[in-house]
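Notes follow the structure.
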Amino acid sequence: MNLKLRNFKRPTQPVEPGPRRGRLLFLAFVLAFGVVAILVRAFDLQVTRNEEWLERGRGQHETQVKLRARRGDILDRSGREMAVSVNVPSVYAVPREVTEPERTTELLVEVLGVEPEKILTRLKKKNEFAWIARQVTSAEADRVNQLKLPGVHITDEPRRFYPNRTIAGALIGFAGVDGTGLEGIERDYDRHLQGKEYTFGVMRDARGRELLTGGFLPEDQLAGSSVVTTIDLRIQQVAEASLARQVEEMGARAGFVVVMDPHNGDVLAMAQTPSFDPNLFKEARADEWRNQPVTDSLEPGSTIKPFLVAAALDAGKVQPETIFDGHGGAMKVGKKLVKDVHGVASMTTYDVVKFSSNVGAVQVGQRLGKELYGSYLQAYGFGEQTGIGLAGEQSGILRPASTWGMIHLATMSYGYGLSVTPLQMARALGVFATGGRLMRPRIVKAVQNVRGQAIEQFPPREVRRVISEKAAKQIGEALWMATQEGGTGGRAVVPGYRVGGKTGTAHKVDPLAGGYSKSKMRSSFVGMVPVDQPRLVMYVLIDEPSKAHYGGVVAAPVFRMIGEEVLPYLGVPATEPIVAKAKQGEESDVLAEAEQAEVVEQIAPRAQAWWLEAQAPDAPRTTMPDLRGATLGEALAQLRSVGIDPKIEGAGLVVGQRPLAGSRFEASESVTLSLALPGEPTRVAAIAPDANDSVLEADVPPPDAPTSVTP
Amino acid sequence: MRDFFFILGVVALCTGVLLNTVHRRNGYYETGYALGRARQTMASLQEEHKRLLVDRASLLDPGRLSPIARRNGYAVAAADQVVLIDLDVEPTTVAR
């Protein structure tokens, strides 16, 4: 056969005739038919029913993977973690796969400590899915895995951790189990912190191996952004510790501190006592969740006086050397009698601040006039939100000056009849520290992506000029005098630094009896340090102290305690000879000694008892030390020094131990330590927050303001 | 004979193209597997990283370190121990 395939010209020689040609033609026909059939079928599969078969193929090999982006972190001003998300195991069941619900429930209850009735009901429903326990510890998940229960599985879920526990708890707030911010910065910046949910296709082969063909978006386009706050964790901790100590010493109900950098409005610390651990937020009361320095307003009492005097100086209504009549310590305004604790014959403008004279303040107020005073109070930012960007911020109460009567002007001159938040007070004092400029307070510096690059910044912002530089300098001098001999704020002096500040003691409103309570007070101190070039402004408030109530005795020491630790930490050099402040120094030593004793007292009994027994040569049995809160290294060092090699479960800090602390055991017995990251659930029954247990406070009109107010 | 080689050449070319396609397809899947494994490794490393961050942060918690430091005799620097170095002056003249 001579076939020419390259052209279709008739062959030059005739094809061989006969039966062989017929067979060839038949074969060609069969082949051609087969090819056509294949083509028809291929057309049918590839074109006509293409979508249907593609769909079937995808169903067999492709799955959709849903990525829930990680929630962003909350960081302090130096990048230290305040809130971080980590995946933790959760236990779920596919009830229709569970063969023995009763036995499975029994084992799960033993390992996880869950409620048996609830679990058994879920397992018996034969649904496709049921949660058994969410966000359990790694050790618990391992134990569940070891049980190999049919139909019981483990999955990972992101959980929020707050590694510094109670520090800045109310400010940070918390996120719920589904990763949504519910309180504090977690809620206010939820939009930034939440990442995007992203779904992408993944092929899986017959062995279930993942075959990534479509690619996926880089993490920085998915993950939530991190929020960089202006808080300094170290300053926050010092503020909280100092406040808690004073609240306890004074038998007070609560306390607040706001520490700010006056020049840029950065809030360096915002503390409140009592506080709560956001890791265990369900165990705290709902009213403890509130960030009270922002959400609660109160009457400022005498801490308003420097603002009054500065306004009068700025308006030229008084001069530093202006002399006021002391009226022997009592002055009549309308039908009301305004009194001073220690009456004087006469006083200068500065003395009004130094001695916290109500009689003098009323006269300064009268010279200034209600319209002018009202406009200055507004300019200081009272009666308006600060714009810090935290939800629930109160604006306080400042009624229009046109509605004030004579008595209102008088009571407002010594801090009654208006209400302010602790944040507003600290911010307003910043006006004196910055030479008369009001700054907008800042709690968040920037929002950054996972690579640490800033994607949004919140620069410091000056709101307005309130008073002149000259007036600011003059009031700084008056505030400094108030902390010197004869002044009310002597206990606020930080050795080595010039402190300026003002004390305040205000009667609380009694909403049940009506009017002001005679026994319930608020003691406060507002100050700046160093007074000549202020680095810090602080507002301290102690609520309902029972052992003393003067602001200078109750609140001023907190200012000193914080200043003593924070100023050297910030590298602010001393400007005053410390030997000259022997009294404060001695007092500080006594406090330090007391603190040292307290620490020793807390640690010594358990440590000493343990070591004494452990090192006794003839002790056949020994006492188990309390290792809770220790790191693995610390715990191992203690146990191994007496020849015990414990079994370790989990990772993090020690949260549990067997045998229990204090129990006696032989060294040959096995010791188990359970470790967990701070805040990992520990199966302690949660206390339901009591929504009704909120504090009742009211802002009150001025006419009933006490006529005798202590400095 | 010439036609035979021509057909052989065409068949060889087709086979080559097909083999190349299969090879590339295999390479594509291999890369897919590698990417899948890399994604899982990346996720687990990120997870470990986060876990370590929480560990580090809780160990550096000032509320935890402060009492330990005090117990071990460390104290906050006294105010007069903080000195601003004037760079225009010889260090020896400002050191206290």
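Within every chain, numbering begins at 1; the chains are lettered A, B, ... in the order of the sequence lines, protein sequences first and strands thereafter.
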Okay, side chain of Arg51(B), backbone of Asn87(A): is any donor-acceptor separation there less than 3.5 Å? yes
Ile167(A) versus chain B, the contacting section by heavy-atom distance below 4.5 Å: side chain
So which part of Asp73(A) gets closer than 4.5 Å to some heavy atom of chain B, the side chain, the backbone, both or neither? side chain
To the nearest 0.5 Å, tell me how far Asp61(B) CG sits from Gln237(A) CD. 7.5 Å
Of all heavy-atom pairs between Ala79(B) and Pro495(A), which one has the smallest distance, and what is that distance? CB-O, 3.5 Å
Quick one: does any side-chain atom of Glu565(A) pair with a main-chain N or O of Val76(B) as donor and acceptor, under 3.5 Å? no
Pairs of heavy atoms under 4.5 Å with chain A: top-ranked of Arg56(B), Arg64(B), His49(B): Arg64(B)
Among Ala57(B), Ala43(B), Ala38(B), which has the most heavy-atom pairs under 4.5 Å with chain A? Ala57(B)
Answer yes when Arg70(A) and Glu47(B) have at least one side-chain N-carboxylate O distance shorter than 4.0 Å, and no when they do not. yes
pair Gln236(A)-Pro62(B): side-chain heavy atoms closer than 4.5 Å: no
Within the structure provided, determine whether Val54(B) and Glu81(A) are in side-chain contact (heavy-atom separation under 4.5 Å). no
Is chain A contacted by the side chain of Leu59(B), its backbone, both, or neither, given a heavy-atom distance below 4.5 Å? side chain
Under 4.5 Å heavy-atom distance to chain B, tell me which part of Val572(A) shows up: side chain, backbone, both or neither. backbone
Can you measure from CZ (Arg234(A)) to CG (Leu65(B)) and round to the nearest 0.5 angstrom? 9.0 Å
Working note: Val84(A) + Lys50(B), criterion side chain to side chain contact (heavy atoms under 4.5 Å, CB included); need CA distance, chi angles, decisive distance, verdict. CA-CA 8 Å; Val84(A) 186; Lys50(B) 279 284 169 186; 3.7 Å; yes
Kindly indicate whether the side chain of Ser58(B), heavy atoms from C-beta on, has any atom under 4.5 Å from the side chain of Asn164(A). no
Region of Ser85(A) in contact with chain B, defined by heavy-atom distances below 4.5 Å: backbone
